[in-house]
Amino acid sequence: MSLSERAYRLLKKVPKGKVTTYKEMARALNTKAYRAIGQIMRHNPDAPHTPCHRCVASDGSIGGFSGQTKGKEISRKISMLKKEGVKFEGNRIKNFEKVLYRF
DNA sequence: TATTTGACCAAGA
DNA sequence: ATCTTGGCCAAAT
């Protein structure tokens with residue numbers, strides 16, 4: 001099966017209030033293709049129930065959302081996470097280590 | 001087959 | 001803290 005399918009399946013396991021990173025996902029899937037993971041999220045399977053907003057960059061910054069890497073879409077992603085209980089300091093996640101979900 | 005393209009990352013300057 | 005550089009790898013072209 002394709003990496004994308006595995007990525008989506010894994011992503012659905014991230015609970016509300018926590019996040020994962022592109023790199024973490026790749027690690028959990030036993031591959032080094034963290035960059036490809038980004039491609040996958042971007043293609044936006046969007047399907048109703050794929051929490052692609054819970055996947056962020058490894059330094060705690062947002063990464064991208066809905067094809068954009070800055071601007072309105074990004075703030076949208078941030079507010080979604082905020083609503084789920086993730087706190088922010090500007091465009092970086094606060095207490096990143098504690099909020100990061102480990103598989 | 002080969003090339004191009006990123007919602008990436010770590011290390012330098 | 002911010003920017004560049006080189007390395008990465010699956011998917012789409």
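In what follows, every heavy atom counts, from backbone to side chain, and hydrogens, waters and symmetry copies are set aside.
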Looking at side-chain heavy atoms only, is the closest gap between L81(A) and I62(A) below 4.5 Å?
yes
Starting at atom CG of L3(A), determine the distance to atom C1' of dA11(C), rounded to an integer number of angstrom.
10 Å
Candidate list K18(A), H53(A), K16(A), test side-chain hydrogen bond (donor to acceptor under 3.5 Å, both in side chains), partner E84(A), passing option:
H53(A)
Give every pair of a protein N or O atom and an N or O atom of nucleotides 1-5 of chain B that lie under 3.5 Å apart, one pair per line with the distance.
{"from": "dT5(B)", "atom 1": "O2", "to": "Q39(A)", "atom 2": "NE2", "distance (Å)": "3.0"}

Please work out which residues in residues 72-100 of chain A have a non-hydrogen atom less than 4.0 Å from an atom of DNA chain B and list them by number.
K77(A)
Should R76(A) and Q68(A) count as side-chain neighbours, where that means a heavy-atom distance under 4.5 Å?
no
How many Å lie between CG on N44(A) and P on dG6(B), as a whole number?
16 Å
Counting C-beta onward and ignoring hydrogens, is there a side-chain heavy-atom pair between Y22(A) and M41(A) closer than 4.5 Å?
yes
Among all residues two or more places apart in sequence or in another chain, which pass the salt bridge (charged side-chain N to carboxylate O under 4.0 Å, His left out) test with E5(A)?
none
Can you find a donor-acceptor N/O pair under 3.5 angstrom joining the side chain of R35(A) to the base of dC8(C)?
yes
Can you tell me how far CD1 of I93(A) sits from CG of L100(A), rounded to the nearest 0.5 angstrom?
8.5 Å
Pairs under 3.5 Å (N/O, protein and nucleotides 10-13 of chain B):
{"from": "dA10(B)", "atom 1": "OP1", "to": "K23(A)", "atom 2": "NZ", "distance (Å)": "2.3"}

Nearest-nucleotide 5' precedence on DNA chain B, A57(A) against A36(A):
A36(A)
Nucleotide dG6(B), atom P - distance to CD1 of I40(A) in whole Å:
15 Å
Within a strict 4.5 Å, meaning less than it, do heavy atoms of the V86(A) and V19(A) side chains meet?
yes
Could you state the CE-C1' distance from M25(A) to dA10(C), rounded to the nearest angstrom?
14 Å
F88(A): ring-ring contact (aromatic ring centres under 6.0 Å, His included) partners, not counting sequence neighbours
none
Could you state the CZ-C1' distance from R27(A) to dC9(C), rounded to the nearest angstrom?
18 Å
Does S4(A) reach a base, just sugar-phosphate, or nothing at all? Heavy atoms under 4.0 Å.
sugar-phosphate
To the nearest Å, how far apart are I37(A) CD1 and dA10(C) P?
10 Å
Report yes if the side chains of L29(A) and F103(A) come closer than 4.5 Å at any heavy-atom pair, otherwise no.
no
Distance, rounded to the nearest Å, where H43(A) contributes NE2 and dC9(C) contributes P
22 Å
Length of the line joining M41(A):CE and dA11(C):C1', which is rounded to integer Å
13 Å
Sequence neighbours excluded, the answer for side chain to side chain contact (heavy atoms under 4.5 Å, CB included) partners of S4(A) is S2(A), Y8(A), I40(A)
Does any part of the side chain of M25(A), heavy atoms only, come nearer than 4.5 Å to the side chain of L11(A), both counted from C-beta?
yes
Of the candidate nucleotides dA11(C), dC9(B), dC9(C), which contains the atom at the shortest distance from the side chain of Y22(A)?
dC9(B)
To the nearest 0.5 Å, atom CG of D59(A) lies from atom OG1 of T21(A) at 10.0 Å
